[in-house]
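Input: a single structure, listed below in structure tokens.
Numbering starts at 1 and runs along the sequence shown. Quick caveat, the model's predicted, so the values are computed rather than measured.
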Amino acid sequence: MKILFLANAASVHTVRWVNALADKNHEVHLVYKYDDEPTENIISENVLLHRLKSAGTKGYFINAHELKQLFRTIKPDIVNAHYASGYGTLARLAKLKPLVLSVWGSDVYDFPYQSRIKMRLVVSNILYADKIASTSHSMAEQVKRLKRLENCRINVTPFGVDLNKFSPRETIKSNSDICIGNIKSLAPKYGIDDLIKSIRILIDNLINKKLKDISEKIKVNIYGDGDQKNELIDLIKDLNLESVVYLKGVIPNNKVPKALAELDIFCVSSVLDSESFGVAAVEAMSMELPVVATNVSGFKEVVDDNVTGIIVERKNPLALANALERLVLDEELRIKMGTQGRNRVMELYDWDKNVDTMVSVYEKCLLK
């Protein structure tokens with residue numbers, strides 16, 4: 001199948017999709033705006049790259065003519081545009097068909113509610129597409145909440161993990177520390193400050209219960225960077241956690257399995273009303289890590305509460321601390337939840353099967 005993939009080439013999610021499709025012997029043409037060119041993520045040499053001339057927000061509009069000419073040259077069987085606002089607009093203005101439009105998150109959770117014009121834009125793009133794809137059921141339901149889309153049919157195409165790369169066989173722990181981790185941008189919406197506060201509560205609770213020896217084993221690795229970094233550094237100092245909590249910086253996707261292998265518990269503490277999909281939690285579960293997660297939609301869909309992890313109230317450091325304490329004090333429970341998490345990923349979030357699901361959406365679109 002010849003696929004025109006319209007998306008941000010700098011995104012690791014885009015790279016994973018196009019590489020996987022090319023690995024399955026599809027002819028993949030990745031088209032992107034001038035300022036969305038590939039960065040540190042390696043795109044397969046089998047993927048054909050096409051950079052449009054214009055950048056910025058205006059590029060979603062004025063690149064339409066160039067894209068239409070490129071479409072006529074490539075003559076793809078199917079077009080898959082990613083992001084309902086930006087590239088969805090570009091695909092519609094270029095009148096590309098048949099079109100599968102993949103929604104990502106903020107394009108349906110945030111963007112449409114910023115103004116009436118933006119709502120009309122996103123809805124028009126979704127109605128223009130032949131098929132809509134969402135990585136989660138919760139995000140599919142969000143699409144249906146938009147005006148005029150309550151009866152929209154949406155294909156759920158999970159964004160899972162490579163079970164060979166994210167495998168518990170990669171475990172490298174060589175000490176007795178109990179390591180808690182998180183991999184996310186250092187931004188207020190991800191609640192990293194709540195996680196840090198919960199660690200202070202956790203350690204104090206353990207000491208009060210005369211479990212100081214266990215409290216001294218607690219270590220926390222936080223991977224990522226962002227505008228909140230300096231604030232979090234100050235918080236760590238204020239809570240006297242310099243020897244416990246470590247900000248480890250950004251790591252590329254290919255080093256995430258090694259970072260996860262150093263952990264005993266994974267914790268995602270988002271304070272958002274909703275998350276489009278909990279891919280970080282899926283990666284952790286694939287490594288047989290129990291997951292403590294706040295009760296936002298994407299996490300609740302991925303993490304089976306009290307089976308593969310523990311779901312707690314968001315914006316509640318005490319609830320996080322209590323859940324973490326339960327796992328810190330019970331190694332058998334950590335192992336049990338980790339095993340069940342891996343099984344859940346194998347059943348629902350095997351990346352190879354997820355890519356096949358997307359291809360089946362393309363095929364149904366062609367039949368339509």
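Under a 4.0 Å N-O distance rule, the pair Asp330/Arg334 does not qualify as a salt bridge.
Other residues, nucleotides and ligands contribute at most 12 non-hydrogen atoms within 6.0 Å of the CD atom of Glu45. Within 6.0 Å of NE2 in His137 there are 12 or fewer heavy atoms belonging to other residues, nucleotides or ligands. Annotation for Tyr113: atom OH counts as buried by contact number, over 12 foreign heavy atoms lying within 6.0 Å.
Evaluated for a ring pair (Phe, Tyr, Trp, His ring centres under 6.0 Å) with Phe159, the options Trp351, Phe277, Trp104 yield exactly one hit, Trp351. Only one option out of Leu260, Val256, Leu263, Val161 pairs with Met287 in a side chain to side chain contact (heavy atoms under 4.5 Å, CB included); it is Leu260. Phe5 pairs with exactly one of His82, His13, His29, His26 by the ring pair (Phe, Tyr, Trp, His ring centres under 6.0 Å) rule, that one being His82.
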Fill in: Criterion salt bridge (charged side-chain N to carboxylate O under 4.0 Å, His left out) on Asp204 and Arg200, from CA distance to verdict
CA-CA 6 Å; Asp204 290 344; Arg200 181 70 270 168; 2.9 Å; yes
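Gln340 places a side-chain N or O within 3.5 Å of a backbone atom of Val307 that can act as its donor or acceptor partner. Judged by distance alone, with hydrogens and angles left aside, the side-chain atoms of Thr294 form a donor-acceptor pair with the main-chain N or O of Ser270 at under 3.5 Å. The main-chain N or O of Thr357 is found under 3.5 Å from a side-chain atom of Ser360 such that the two form a donor-acceptor pair. In this structure a side-chain-to-backbone donor-acceptor pair under 3.5 Å is missing from Arg145 to Val108. The main-chain N or O of Val282 is never found under 3.5 Å from a side-chain atom of Ser286 such that the two would form a donor-acceptor pair.
Residue pairs that meet the side-chain hydrogen bond (donor to acceptor under 3.5 Å, both in side chains) test with at least one member in residues 303-319, sequence neighbours left out, are Asp273-Arg314, Asn306-Arg326, Glu313-Asn316.
Closest approach of Asn155 and Val361 over heavy atoms only: CB-CG2, 3.8 Å. Nearest heavy atom pair, residue Met1 against residue Glu363, reads CE-CG, 3.8 Å. Across every non-hydrogen atom of Gly191 and Ser269, the tightest pair is O-OG, 2.8 Å.
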Could you list the donor-acceptor pairs under 3.5 angstrom formed by side chains in residues 233-255, with sequence neighbours left out?
residue: Tyr246; atom: OH; partner: Ser243; partner atom: O; Å: 3.0

